[in-house]
Amino acid sequence: MGCGNVFFTLIITLSVALITYNILISANASLKQELPGPSTSSIIDPIIQMPVEKSRKYGSNAEKRLFHTAVTASDSVYNTWQCRVMYYWFKKHKNGPNSDMGGFTRILHSGKPDNYMNEIPTFIAQPLPAGMDQGYIVLNRPWAFVQWLQKADIKEEYKIPDFLIFYILMAEPDHIIVKPIPNLSKDGLGAAFPFFYIEPKKYESVLRKYFPEEKGPITNIDPIGNSPVIVGKDSLKKIAPTWMNVSLAMKKDPETDKAFGWVLEMYAYAVSSALHGVGNILYKDFMIQPPWDTEIGNKFIIHYTYGCDYDLKGRLTYGKIGEWRFDKRSFDTEAPPRNLPLPPPGVPESVVTLVKMVNEATSNIPNWGS
């Protein structure tokens, strides 16, 4: 293990040992606080003057407000095929009308390169020390973002009179971009999708362990996760270390772990964003989640987190394996084959579109299934 990795491990260990102190300190730190890890004094993000796009105006300024898309992933077969499909559709829509989509990075938290480095722009992050995630691999996500924000040379920075704006879209492997995404954030606020199952008021007694009353009402915590979120880079650099520490603290606390389960890391991001005073515009049209959402409408992303099970008459059989089904978990050890069968008549547009988009991607991605 190199000196850098030893240092990362030491920082993480100390963060857990002094978790309450770290949460309070990181929540009140200045923008110039160093992130965990080696000094970044030699790392400079370039400020690039972008060409003017004449078809769109932002007030008196004709510059696009591009954001950089970042997706965290492991090197599992399951995550990898989803990333390949996601990146295919990212490239397809990047230069479409009204797009503010800039660059793309897969943040690979396996600690080593894989076979897709030349296909997908990738940053290698170190995983948490063995055992620290307690079997909850998603805890690697905030730690991966901390490392990426510290080290990465990201290009979408634009000098606008009197101030600098820079944005990041945090996305996930199981997101399919349906159409070009504009920068939905504005006025210093992030842009996020509201999840019905993130309920700060319901869990106020638990959340007050991490969001004390002096920080304000519990409603200051938005009903969001970390994805999809478009947020300013400076804001995310403040949020990320806190997000990491709050996630670890929540996982260590039996009451919190039991209350939040698999969405624990989502609550941790929502709390951390509120601790730093970063509010969010809630966009229900940011994405849909089939099979519950049945129409594409004006949405930008399909999130295929749920299984889609139907009988041959097109009726949903959720909770029971259908005669026709698409569930990403069916492909945890091998990628889905090309030309998956389409749903039977009567299945909603959202599900049909999802399968067609997966099929188009797999048909056009070289060496699929190899």
Side-chain angles (χ1 to χ4, degrees), residues 19-29 134 136 138-139 141-142 145 168-172 174-175 184-232 235-236 238-293 299-301 303 305-306 318-319:
I19 196 69
T20 303
Y21 174 81
N22 281 345
I23 291 171
L24 294 175
I25 292 298
S26 58
N28 293 283
Q134 301 178 61
Y136 182 52
V138 182
L139 286 183
R141 182 177 294 155
F145 266 106
I168 293 168
L169 165 62
M170 293 185 287
E172 297 184 15
D174 60 351
H175 286 177
L184 301 171
S185 67
K186 62 181 180 181
D187 300 330
L189 299 171
F193 177 80
F195 290 91
F196 70 89
Y197 49 78
I198 302 297
E199 303 175 275
K201 290 184 72 174
K202 179 179 178 180
Y203 293 103
E204 179 169 2
S205 62
V206 176
L207 290 171
R208 284 302 184 188
K209 296 180 182 182
Y210 317 96
F211 191 77
E213 290 189 6
E214 57 265 28
K215 288 293 183 179
I218 207 70
T219 51
N220 284 359
I221 301 175
D222 292 324
I224 64 172
N226 77 291
S227 172
V229 171
I230 299 175
V231 64
S235 294
L236 189 56
K238 292 188 296 181
I239 292 168
T242 308
W243 175 27
M244 178 185 71
N245 286 328
V246 172
S247 296
L248 292 169
M250 285 182 169
K251 189 63 180 174
K252 261 189 108 175
D253 180 67
E255 182 187 15
T256 310
D257 192 21
K258 181 179 179 180
F260 296 155
W262 65 274
V263 298
L264 179 148
E265 168 267 344
M266 297 172 68
Y267 271 100
Y269 180 83
V271 167
S272 302
S273 185
L275 284 170
H276 287 285
V278 179
N280 295 276
I281 303 166
L282 304 180
Y283 278 99
K284 290 185 178 180
D285 283 350
F286 212 148
M287 72 178 187
I288 59 169
Q289 301 186 96
W292 308 118
D293 299 309
K299 312 303 190 292
F300 296 100
I301 293 170
H303 182 208
T305 189
Y306 299 108
Y318 195 80

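Numbering starts at 1 and runs along the sequence shown. Computation of the quantities below employed the complete heavy-atom set of this structure, encompassing side-chain atoms and omitting hydrogens, waters and symmetry-equivalent molecules.
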Got a second to check how far Phe193's CZ is from Lys299's NZ, nearest 0.5 Å? 9.0 Å
Non-hydrogen side-chain atoms of Met250 and Leu207 separated by less than 4.5 Å: yes
Interatomic spacing from CD1 in Ile281 to CD1 in Ile224 - rounded to 0.5 Å: 11.5 Å
Could you tell me whether a side-chain N or O of Ser273 sits under 3.5 Å from a main-chain N or O of Val278, the two making a donor and an acceptor? yes
Taking Asn280 for the side chain and Ala192 for the main chain, is one N or O donor matched with an acceptor at less than 3.5 Å? no
Does any non-hydrogen side-chain atom of Met170 lie less than 4.5 Å from one of Ile168? yes
Which atom of Tyr136 lies closest to which atom of Glu265, heavy atoms considered: OH-N, 3.2 Å
Heavy-atom closest pair, residues Pro200 and Ile198: CD-O, 3.4 Å
Answer yes or no: is there a side-chain heavy-atom contact under 4.5 Å between Ser185 and Val231? no
Measuring from atom CZ of Phe211 to atom CG of Asn220, what distance do you get when rounded to the nearest 0.5 angstrom? 4.5 Å
Do Ile239 and Phe145 pass the side-chain contact (heavy atoms from CB on, under 4.5 Å) test, and can you show the C-alpha distance, the side-chain angles, and the key distance before you say yes or no? CA-CA 10 Å; Ile239 292 168; Phe145 266 106; over 6 Å; no
What pair of heavy atoms forms the shortest contact from His175 to His303, and how long is it? CD2-CD2, 3.5 Å
Straight-line distance of Glu204 CD to Glu213 CD, nearest 0.5 Å: 7.0 Å
Taking all non-hydrogen atoms of both residues, which atom of Phe195 and which atom of Pro228 are closest, and how far apart? CZ-CD, 4.4 Å
On the 0 to 90° scale, with breaks at 30° and 60°, tag the Tyr197-Trp262 ring pair as parallel, tilted or perpendicular. tilted
With sequence neighbours excluded, tell me which residues meet salt bridge (charged side-chain N to carboxylate O under 4.0 Å, His left out) with Asp293. none
Would Phe260 and Tyr203 count as a ring-ring contact (aromatic ring centres under 6.0 Å, His included) if you check the C-alpha gap in whole Å, the side-chain angles of each, and the deciding distance to 0.1 Å? CA-CA 9 Å; Phe260 296 155; Tyr203 293 103; 5.3 Å; yes
Looking only at non-hydrogen atoms, find the nearest pair between Ser247 and Leu264 and report the distance. O-CD2, 3.6 Å
So Leu184 and Phe300, side-chain contact (heavy atoms from CB on, under 4.5 Å) or not? Walk me through it. CA-CA 11 Å; Leu184 301 171; Phe300 296 100; 4.3 Å; yes
Report the distance from atom OH of Tyr269 to atom OG1 of Thr242, rounding to the nearest 0.5 Å. 11.0 Å
Side chains of Thr256 and Tyr210 only: does a donor on one sit below 3.5 Å from an acceptor on the other? yes
Nearest 0.5 Å please: distance from the CH2 atom of Trp243 over to the CE atom of Met266. 10.5 Å
Residue set satisfying salt bridge (charged side-chain N to carboxylate O under 4.0 Å, His left out) with Lys201, at least two apart, ordered chain then number -> none
Residue pair Tyr318 / Tyr306, side-chain heavy-atom distance below 4.5 Å: yes
